S.K.: 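This is the structure, below, for whatever I ask next.
Bear in mind the structure is a predicted one, so any value in this text is a computation, not a measurement. Here is the naming used below: chain letters follow the sequence lines, and residue numbers restart at 1 for every chain.
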2 protein chains.
Amino acid sequence: MPNRSLALSEMACADCPIRHRAVCARCESDELEKLDAIKYYRRFEAGQTIAWAGDKMDFVASVVEGVASLTQTMEDGRRQMVGLLLPSDFLGRPNRESVSYDVTAATDVMLCCFRRVPFQGLIEETPHLSQRLLEMTLDELDAAREWMLLLGRKTAREKIASFLSIIARRDASLKNAKNATELAFDLPLTREAMADYLGLTLETVSRQMSALKRDGVIELKGKRHIIVPDVEALMDETGDDADGGVYI
Amino acid sequence: MPNRSLALSEMACADCPIRHRAVCARCESDELEKLDAIKYYRRFEAGQTIAWAGDKMDFVASVVEGVASLTQTMEDGRRQMVGLLLPSDFLGRPNRESVSYDVTAATDVMLCCFRRVPFQGLIEETPHLSQRLLEMTLDELDAAREWMLLLGRKTAREKIASFLSIIARRDASLKNAKNATELAFDLPLTREAMADYLGLTLETVSRQMSALKRDGVIELKGKRHIIVPDVEALMDETGDDADGGVYI
DNA sequence: TTCGACATTTGATCTCGATCAAATACAGTC
DNA sequence: GACTGTATTTGATCGAGATCAAATGTCGAA
């Protein structure tokens with residue numbers, strides 16, 4: 001995820017404590033003012049629904065804090081998560097009035113929202129904005145394709161290991177931790193949400209977590225806090241090749 | 001897929017027989033000339049590899065004819081298709097030197113290629129080009145998310161029915177056929193490639209095809225030609241809600 | 001027309017993850 | 001601290017799809 005850390009460093013930019021540099025890396029100050037004019041913050045509690053599939057959504061947003069998920073549901077209740085949004089990720093589609101997926105706060109979430117219609121206008125008059133959104137969308141497409149490999153071909157154990165390593169990696173980049181052999185982080189999802197992410201049942205998720213713990217690949221402090229004593233060992237369980245499948 | 005038919009009508013535009021209007025809906029003639037200057041055509045035979053994962057690719061392209069696939073492979077040989085490109089679809093990433101997936105010609109394919117580096121320059125100086133690419137990429141992301149639901153939660157039978165209806169729909173839009181109750185089309189993929197698309201084995205694909213035929217949902221003429229006597233009946237097998245899950 | 005190389009179908013069996021069921025842990029709240 | 005509701009773990013069993021194996025098209029080349 002080459003642009004992820006870039007987006008984060010931009011977010012840390014002193015000129016822009018309100019982190020919408022995530023969507024606007026190269027904005028001049030007058031453009032930032034225009035963004036400021038159409039922006040507002042919203043906070044959601046863990047478990048709260050941000051928007052239902054089919055709802056009109058009159059804003060797009062940048063995730064500032066917390067984790068949100070996009071989920072599809074079939075009539076009979078089968079659910080599949082199709083997007084997991086972490087800080088600096090973008091939510092919404094400028095061109096589209098209504099959402100296609102249920103958007104839910106997995107943890108407490110803070111969004112930096114931009115009113116949709118004027119934001120769309122801003123895109124049209126600010127070339128690098130659409131270029132930035134294109135980059136972010138392409139990264140998201142790459143992530144979706146990794147995810148498709150996971151859903152279509154990986155075993156339950158590989159799915160869990162892959163999920164843990166994805167979260168660990170993003171968490172480490174949020175904290176700017178690098179090259180540590182040991183990693184520790186909190187799971188942002190319940191076992192049920194993990195199951196929806198991975199195309200499994202929550203029982204299978206629980207069993208495989210227990211198995212990884214039994215085999216010493218992970219340690220659990222409480223239900224949500226994970227310690228990975230040896231990152232390499234976890235990577236070996238993912239089924240991915242050593243370099244994580246990332247080509248430069 | 002709201003932009004699909006738009007792209008196609010643009011492709012048919014008399015001013016632009018060389019169908020790159022697929023990537024450039026609103027280009028003025030001087031911009032078209034710049035595109036012309038960096039474009040060339042390449043033809044690939046069915047089964048031929050267009051690029052291996054990790055290869056440098058010095059062009060991006062628009063699919064003019066035929067079908068190409070993007071596939072990920074694990075070390076032990078498990079394969080998952082992660083992209084299926086039909087006429088008017090875009091191939092490649094302007095910003096990235098090398099491909100992340102194996103790109104293969106599923107049928108005979110004709111590409112309209114643009115040299116990558118100058119194309120990237122063109123994007124930067126032509127705002128609506130990146131807006132157009134953003135739209136196309138967002139549509140592709142939507143398709144990837146539908147696909148994730150299929151991979152994670154659908155039964156083998158639902159997967160096959162969904163795949164057939166996806167191909168039927170795109171084929172119908174290519175031929176500008178509308179509202180027919182009966183549909184007929186050729187499968188662009190082998191059973192093995194279908195299995196890679198659907199996260200199944202080729203045996204399961206074959207069995208479910210036979211089952212759908214036995215149950216009168218489809219008819220087969222030869223191995224590749226499909227007749228759908230009742231489109232509604234096929235839709236009922238997909239597990240999707242009646243409107244195809246598309247929110248307007 | 002026959003041969004050979006594939007693609008596809010069909011059959012028999014096995015296995016991983018789903019399903020059904022129950023026990024346990026845990027965080028609030030009174 | 002006891003109680004309640006929810007999240008998680010663990011157990012027992014089942015079944016859809018994988019795997020292994022063989023038969024059956026099918027199409028082009030000789």
S.K.: Ile160(A) CD1 to dT8(D) C1': how many Å, rounded?
M.R.: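 Checked: the CD1 to C1' distance equals 13 Å.
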S.K.: If I compare all heavy atoms of Asp171(A) with all of Ala184(A), which pair ends up nearest, and what's the gap?
M.R.: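 Here Asp171(A) and Ala184(A) meet closest at OD2-O, 4.0 Å.
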S.K.: Using a 4.0 Å heavy-atom cut-off, write out nucleotides 7-18 of chain C from 5' to 3' as B (base contacted by protein), S (sugar-phosphate only) or - (no contact).
M.R.: -SBBBB----SS
S.K.: Are there more than 12 heavy atoms of other residues, nucleotides or ligands under 6.0 Å from atom CZ of Arg79(B)?
M.R.: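 Count not over threshold, so no.
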S.K.: Starting from the C-alpha separation in whole Å, work towards a yes-or-no answer on side-chain contact (heavy atoms from CB on, under 4.5 Å) for Val64(B) and Val109(B).
M.R.: CA-CA 8 Å; Val64(B) 176; Val109(B) 166; over 6 Å; no
S.K.: Just to verify, what does Lys159(A) make a side-chain hydrogen bond (donor to acceptor under 3.5 Å, both in side chains) with, not counting sequence neighbours?
M.R.: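 Lys159(A) satisfies side-chain hydrogen bond (donor to acceptor under 3.5 Å, both in side chains) with no other residue.
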S.K.: Do the charged groups of Lys221(A) and Asp186(A) touch, with an N to O distance under 4.0 Å?
M.R.: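 No salt bridge links Lys221(A) with Asp186(A).
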S.K.: List the steps and the verdict of side-chain contact (heavy atoms from CB on, under 4.5 Å) for Glu140(A) and Phe90(A).
M.R.: CA-CA 10 Å; Glu140(A) 214 170 337; Phe90(A) 187 79; 5.6 Å; no
S.K.: Would you work out how much the helix from dT1(C)-dA30(D) to dC30(C)-dG1(D) bends between its ends, with each end axis defined by five base pairs, to 10 degrees?
M.R.: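 Answer for the end axes of this duplex: 30°.
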S.K.: Do the rings of Phe59(A) and Tyr40(A) sit parallel, tilted or perpendicular, given the 30° and 60° boundaries?
M.R.: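 If you compare the ring of Phe59(A) with that of Tyr40(A), the planes turn out perpendicular.
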S.K.: Nearest whole angstrom, please: distance from the P of dT9(D) to the CE of Met194(A).
M.R.: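 Roughly 9 Å, once rounded to whole Å.
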S.K.: Ser165(A) and Ser162(A): side-chain donor and acceptor closer than 3.5 Å?
M.R.: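 No.
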